[in-house]
Amino acid sequence: MEEELVLIGGKIEKFKYILVQHLELFEEDSPYDLETSKVIRAQIIQIHADALIHGKAQAMESMSEIGMRVGNRIVEMGVSLDKIIGEIQLARNLFWSFIEEEVSNRHYSIEVLLKASSIIDAVLDEFLYCMSVSFVNYYKKIAKSANESLKKVKENQEVMEELATPIVQTMLSDVLLVPLIGRIDEWRMGSLQSTVLQKCNDSHAEVMILDFSGITYTQDDNMFSLLDQLVGALALMGTETMFVGFTPAVVRQIIKLDFSHQVKSFLSFAQAMEYIVKQRGITIQYSN
């Protein structure tokens with residue numbers, strides 16, 4: 001499979017300047033001039049190509065660096081986070097379409113498609129995370145320097161709660177992904193509950209995938225109790241919950257709390273998507 005991923009990455013690299021024309025990042029209300037915007041878009045595309053060619057470890061570091069730099073610039077220019085989130089989703093769709101066409105043309109397996117898509121998603125999620133961190137840091141700085149009233153502090157906290165739980169649309173419209181990054185504590189779990197339940201209700205999601213591969217684990221029994229409540233609430237709404245990316249230590253805690261009988265778990269997001277695709281008997285068709 002590595003050879004196929006390298007070839008797809010090479011194709012993205014070869015056509016990156018064509019993709020730049022279709023990547024709708026930093027176009028309207030851009031924090032950069034036209035030429036600088038094109039250069040940054042080309043860098044972002046190259047990082048995704050590198051992730052497929054050389055592995056995503058170095059690519060994630062590169063994306064973190066450019067993401068923080070761009071995020072800080074966006075905050076300074078007053079560009080809204082909602083706009084950036086929308087543009088990132090369009091970028092995700094562009095990469096998916098490109099990869100799907102390449103997989104079809106080369107007659108690769110669906111496993112290659114899912115693996116390539118999961119790598120692209122991980123790199124884009126890192127960019128989105130950096131955007132979120134920039135906004136969070138901005139609000140923290142405002143709260144500290146301005147010493148505003150309790151009402152203002154509460155408003156900033158609500159913004160940070162929204163940023164703490166990014167919800168991503170997957171390649172299937174009724175399957176959502178929540179990539180959790182950093183420390184997960186009782187406060188974040190409370191925010192996760194309300195945000196996820198509202199999003200599932202609004203989008204009529206059939207499956208919610210919670211990806212714990214990026215968390216810094218802290219043993220907290222109450223966290224797992226809140227997680228159990230979330231799984232139960234989603235089940236009442238008709239949404240199936242899937243877990244991916246758990247470490248062995250977390251798995252042992254889940255078994256103690258008897259989660260295993262009601263939630264399917266997978267090692268990675270790609271495996272979860274492959275399971276869903278096979279369960280639904282989906283055949284991906286491509287247009288010539």
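Positions are given from 1, in the same order as the sequence printed here. The figures that follow rest on heavy atoms only: side chains count, while hydrogens, waters and symmetry mates do not.
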With ring-ring contact (aromatic ring centres under 6.0 Å, His included) as the test, would you mind laying out the steps for Tyr138 and Phe135 before giving the verdict? CA-CA 5 Å; Tyr138 171 74; Phe135 276 83; 7.4 Å; no
Between [X] and [Y], which heavy-atom pair has the shortest distance, and what is it?
{"X": "Leu172", "Y": "Ile276", "result": "CD1-CG2, 3.7 Å"}
{"X": "Leu124", "Y": "Ala91", "result": "CD1-C, 4.3 Å"}
{"X": "Met208", "Y": "Cys200", "result": "CE-SG, 3.3 Å"}

Could you tell me whether a side-chain N or O of [X] sits under 3.5 Å from a main-chain N or O of [Y], the two making a donor and an acceptor?
{"X": "Asn105", "Y": "Glu101", "value": "yes"}
{"X": "Gln193", "Y": "Leu226", "value": "yes"}
{"X": "Glu13", "Y": "Gly9", "value": "no"}

Establish, from distance only, whether the side-chain atoms of Gln169 and Gln89 form a donor-acceptor pair under 3.5 Å. no
Do Lys115 and Glu111 sit within salt-bridge range, that is, some charged N less than 4.0 Å from a carboxylate O?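 Looking at Lys115 and Glu111, the cut-off is not met.
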Less than 4.0 angstrom from a charged side-chain N to a carboxylate O is my criterion; do Arg92 and Asp125 meet it?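 Result for this pair is yes, salt bridge flagged.
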Looking at CE of Met171 and CG of Asp121, how far apart are the two atoms once the value is rounded to the nearest 0.5 Å?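 Rounded to the nearest 0.5 Å, the CE-CG separation comes out at 9.0 Å.
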With Tyr275, which residues qualify under ring pair (Phe, Tyr, Trp, His ring centres under 6.0 Å), at least two apart? Phe266
Matching residue for Leu52 among Val123, Ile12, Val6 - test: side-chain contact (heavy atoms from CB on, under 4.5 Å):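 Filter result, single survivor: Ile12.
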Do other residues, nucleotides or ligands put more than 12 heavy atoms under 6.0 Å from the NZ atom of Lys199?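 Incorrect, the count does not exceed 12.
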Let me see the working for Lys264 and Glu240 under salt bridge (charged side-chain N to carboxylate O under 4.0 Å, His left out), right down to the final yes or no. CA-CA 9 Å; Lys264 294 182 177 68; Glu240 182 181 7; 3.1 Å; yes
Could you pull out all residues at least two apart from Glu76 that satisfy side-chain contact (heavy atoms from CB on, under 4.5 Å)?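 By the side-chain contact (heavy atoms from CB on, under 4.5 Å) rule, Glu76 matches Arg73.
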Out of curiosity, does Ile53 fall in the hydrophobic cluster containing Ile66 (side-chain heavy atoms, cut-off under 4.5 Å, transitive links)?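 No, separate clusters.
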